[in-house]
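Notes to accompany the following structure.
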Amino acid sequence: CPRWEEEKKEDGVKWMQLEHRGPYFAPLYEPLPDDVQFYYDGKPLKLSLATEEIATFYAKMLDHEYTTKEVFQNNFFNDWKKEMTSKEQKIIKDLDKCDFREIHKYFVDKNEARKALSKEEKQKLKEEADKIQEEYGYCILDGHREKIGNFKTEPPGLFRGRGDHPKMGMLKKRVMPEDVVINCSKDSKIPEPPEGHKWKEVRFDNTVTWLASWTENIQNSLKYIMLNPSSKLKGEKDWQKYEVARRLKDVVHKIRVQYRADWKSKEMKKRQRAVALYFIDKLALRAGNEKEEGETADTVGCCSLRVEHIKLHPELDGQKHVVEFDFLGKDSIRYYNKVSVEKMVFKNLQTFMKNKDPTEDLFDKLNTSILNRHLQSLMDGLTAKVFRTYNASITLQEQLKALTNSEDNVAGKLLSYNRANRAVAILCNHQRSTPKTFQKSMQTLQTKIDAKKQQIEEAQQELKKAEDEFEEKKDAKAEANVEKKKKLLKRLEEQLANLNVQAMDKEENKQIALGTSKLNYLDPRISIAWCKKFGVPIEKIYNKTQREKFAWAIDMADEDFEF
């Protein structure tokens with residue numbers, strides 16, 4: 001039977017046997033060649049090894065938008081100065097006088113040289129990487145050889161963060177064995193730390209699924225080495241997550257009836273809880289407890305919204321009872337939305353905001369603990385994230401039903417799929433900045449479209465010539481030639497239609513991150529059932545890694561699956 005359907009262990013126990021090699025550490029810094037120099041105030045300056053390494057982090061990013069941001073520059077310079085020798089600190093006083101261009105050029109050239117390697121040299125590098133993967137990338141879990149997800153520690157560098165993160169530019173320090181906690185089974189061969197080093201701790205905890213962990217220095221958050229998404233434990237966890245969301249479907253109507261009734265409650269606490277739950281349900285807002293320990297960004301969720309984060313419009317753009325949201329959500333991603341809400345919600349919000357300063361809490365009688373306790377009482381395992389998963393999956397299923405035309409070719413069906421996926425990404429506020437390569441790839445696509453139009457014009461002329469010839473000769477050879485030219489024209493027109501679909505899809509998705517919802521909030525069985533029903537190859541929706549992650553769903557879902 002499939003691994004995810006094997007005998008279940010007692011509650012809380014995740015494995016009986018776990019053996020692995022520990023993390024693969026990022027390689028040590030290689031100094032710059034002598035002819036590659038850093039300049040300060042126009043003069044070359046030889047840097048100490050630690051200072052030089054950090055300078056390369058900044059130099060590599062010179063062509064990136066981040067290095068133009070003041071917050072990034074200030075954070076980098078402050079952290080860089082801390083690592084300098086006292087002599088360097090006395091000389092290097094101003095980032096504007098630092099010239100990293102020669103170092104930047106060195107890494108650009110190095111990158112180009114790597115791309116230009118011969119097929120044999122690339123194969124050699126691949127074999128070396130495969131050898132590391134083979135040694136460190138697998139573990140033995142309850143007798144199965146399972147793939148490990150991220151077995152390499154992150155190399156040191158500069159923190160980027162998402163959105164306008166206040167810590168962007170700070171120095172991400174090198175992870176050392178002394179920072180790392182190892183987790184394995186007592187009877188296994190305990191991983192050896194690199195020579196001259198020791199682990200922070202070795203523990204034998206079979207109630208957790210991570211293999212190693214450490215605390216990173218920017219946000220003081222824990223980082224883990226986990227199993228690959230295709231592993232049995234991850235597959236089971238994923239499957240269970242979507243099964244919990246599917247259970248919500250049976251009680252969601254009752255929950256909605258109850259929170260609507262609570263809008264009129266005499267208890268302010270109940271009213272606030274009911275309006276917050278309406279936002280979580282209707283707008284897929286997060287509950288508001290996602291902030292990492294030590295994070296200083298002013299990010300909020302539903303329960304922590306302040307009066308300044310919303311504006312009320314009795315009427316706006318032809319709609320009544322409009323709430324205008326504007327706040328920084330998880331990862332400092334801006335949430336901006338104008339939504340027409342029900343009259344009772346609008347009235348309640350007016351009451352909640354009455355006589356309050358802009359910086360006061362909108363829901364002053366509510367926090368995430370109160371909300372989660374209430375959700376738990378409505379359904380076992382219910383959280384705000386379950387609502388997001390449920391609403392995302394239901395939205396995809398409904399949109400696919402509404403948008404898919406069975407008569408379309410595969411490209412047309414994929415456009416419908418991406419549009420349905422985009423509706424979910426917009427619901428969940430999954431944004432991204434327009435990729436750097438967007439303009440270039442659009443130009444390339446446009447060149448292909450123009451060339452295809454030219455080919456079609458030529459094919460039309462060829463067909464006209466063949467038809468004229470047939471009119472003249474009326475023989476079988478001329479008739480066959482007409483058919484041949486018609487087929488060619490049809491094929492070219494289909495190719496043009498596909499290119500136009502690609503261009504439309506690219507343009508529509510340039511600022512929407514489709515991947516986040518596809519991998520984390522959408523039950524993969526919906527997509528797999530859709531593929532099977534409409535004859536779309538699954539590999540058009542999920543790449544190889546994703547197909548491994550969702551092996552359980554590919555195995556289970558037939559074309560009639562309903563979320």
### Message
Students often mix this up, so state it plainly: with edges at 30° and 60°, are the rings of Phe363 and Phe352 parallel, tilted or perpendicular?
### Response
perpendicular

### Message
Quick check: closest heavy atoms across Lys200 and Asp179, and the distance to 0.1 Å?
### Response
CD-O, 3.8 Å

### Query
Considering residues at least two apart in sequence or located in another chain, which fulfil the salt bridge (Lys or Arg N to Asp or Glu O under 4.0 Å) criterion with Asp361?
none

### Query
Is the charged tip of Lys69 near the ring of Phe72: under 6.0 Å from the six-membered ring centre and within 45° of its axis?
no

### Task
Starting from the C-alpha separation in whole Å, work towards a yes-or-no answer on side chain to side chain donor-acceptor pair (under 3.5 Å) for Arg388 and Tyr521.
CA-CA 7 Å; Arg388 273 170 82 76; Tyr521 290 103; 3.2 Å; yes

### Query
Is there a side-chain contact between Lys46 and Glu52 (heavy atoms, below 4.5 Å)?
yes

### Message
Measuring only between side-chain heavy atoms, which start at C-beta, is Val181 closer than 4.5 Å to Arg203?
### Response
yes

#### Entry: Passing candidate, side chain to side chain contact (heavy atoms under 4.5 Å, CB included) with Phe25, options Pro155, Pro193, Pro177
Pro177

### Query
Does the Tyr242 side chain pair with the main chain of Leu522, one donor and one acceptor, at a distance under 3.5 Å?
yes

### Query
Below 4.0 angstrom, N of the basic side chain to O of the carboxylate: do Arg101 and Asp99 qualify?
yes

### Query
Under the criterion ring-ring contact (aromatic ring centres under 6.0 Å, His included), which of Tyr39, Tyr58, Tyr40 is the partner of Phe100?
Tyr58

### Closest heavy-atom pair and its distance - Leu47, Ala55
CD1-CB, 4.0 Å

## Note on the structure
Taking every heavy atom of Leu283 against every heavy atom of Asn337, the minimum-distance pair comes out as CD2-ND2, 4.2 Å

### Query
Are any side-chain N or O atoms of Glu216 and backbone N or O atoms of Gln219, one a donor and one an acceptor, separated by less than 3.5 Å?
yes

### Task
Applying side-chain hydrogen bond (donor to acceptor under 3.5 Å, both in side chains), name anything that partners Gln73, two or more places apart in sequence or on another chain.
none

### Query
Which heavy atom of Trp80 sits nearest a heavy atom of Thr51, and at what distance?
NE1-O, 3.0 Å

### Message
Measuring only between side-chain heavy atoms, which start at C-beta, is Leu277 closer than 4.5 Å to Phe387?
### Response
yes

### Task
Would you please indicate if the ring centroids of Tyr336 and Phe327 are separated by under 6.0 Å?
no

### Query
Donor-acceptor pair, Glu19 side chain versus Lys189 backbone, under 3.5 Å?
yes

### Query
Between CG of Leu171 and CG of Leu158, what distance do you get to the nearest 0.5 Å?
6.5 Å

### Message
Looking at Ile218, is its backbone amide N or carbonyl O close enough to the side chain of Lys167 to form a donor-acceptor pair, meaning the two atoms are under 3.5 Å apart?
### Response
yes

### Test item: Glu128 and Leu125 side chains (from C-beta on) under 4.5 Å apart, heavy atoms
yes

#### Entry: Validation row, ring centre His165 to ring centre Phe159 under 6.0 Å
yes

### Heavy-atom side-chain proximity of Asp326 to Arg334 below 4.5 angstrom
yes

### Task
Could you pull out the closest heavy-atom pair between Ala287 and Ile280, with the gap in Å?
CA-CD1, 4.4 Å

### Query
Is there a donor-acceptor pair closer than 3.5 Å between any side-chain N or O of Glu53 and the backbone N or O of Ala50?
no

### Message
Determine whether a donor-acceptor pair (N or O, by modelled atom type, separation under 3.5 Å) exists between the side chain of Asp142 and the backbone of Met16.
### Response
yes

### Query
Taking the side chain from Glu135 and the backbone from Ile132, do they hold a donor-acceptor pair closer than 3.5 Å?
no

### Query
Minimum heavy-atom separation for Glu102 to Gln37, with atom names?
OE2-N, 2.7 Å

### Task
Please say whether the positively charged group of Arg21, taken as NZ for Lys or CZ for Arg, lies over the ring of Tyr136, i.e. under 6.0 angstrom from the six-membered ring centre and within 45 degrees of the axis.
yes

### Query
Does the side chain to side chain donor-acceptor pair (under 3.5 Å) test come out yes or no for Glu236 and Gln240, once each step is laid out?
CA-CA 6 Å; Glu236 272 179 353; Gln240 285 157 10; 5.0 Å; no

### Message
I'd like to know if Arg145 pairs up with Glu134 as an ion pair, taking the criterion as any Lys NZ or Arg NE/NH1/NH2 lying under 4.0 Å from an Asp or Glu carboxylate oxygen.
### Response
yes

### Task
Mind checking the NZ-CD spacing from Lys82 to Gln89? Nearest 0.5 Å is all I need.
11.0 Å

### Query
Does any N or O in the side chain of Gln272 come within less than 3.5 Å of the main-chain N or O of Asp364, such that one atom is a donor and the other an acceptor?
yes

### Query
Looking at OG of Ser185 and CG of Asn206, how far apart are the two atoms once the value is rounded to the nearest 0.5 Å?
9.0 Å

### Query
Between the main-chain N or O of Ile92 and the side-chain N or O of Lys97, is there a donor-acceptor pair closer than 3.5 Å?
no

### Query
Between Lys115 and Glu112, does at least one N-O distance fall below 4.0 Å, as a salt bridge requires?
yes

#### Entry: OG on Ser221 to NZ on Lys223, rounded to 0.5 Å
5.0 Å

### Query
Are any side-chain N or O atoms of Trp552 and backbone N or O atoms of Asp238, one a donor and one an acceptor, separated by less than 3.5 Å?
no

### Task
In sequence, state the C-alpha distance, the side-chain angles, and the governing distance for Tyr29 and Thr56, and then conclude on side chain to side chain donor-acceptor pair (under 3.5 Å).
CA-CA 10 Å; Tyr29 174 62; Thr56 66; 4.7 Å; no

### Task
Enter the distance from Ile182:CD1 to Ser188:OG here, rounded to the nearest 0.5 Å.
10.0 Å

### Message
Measuring only between side-chain heavy atoms, which start at C-beta, is Phe325 closer than 4.5 Å to Leu305?
### Response
yes

### Query
Between Trp15 and Phe204, is the gap from one ring center to the other below 6.0 Å?
no

### Query
So how far is it from Glu83 CD to Glu88 CD, rounded to the nearest 0.5 Å?
11.0 Å

### Task
Compute whether any side-chain donor of one residue and acceptor of the other, for Glu121 and Ser118, lie under 3.5 angstrom apart.
yes

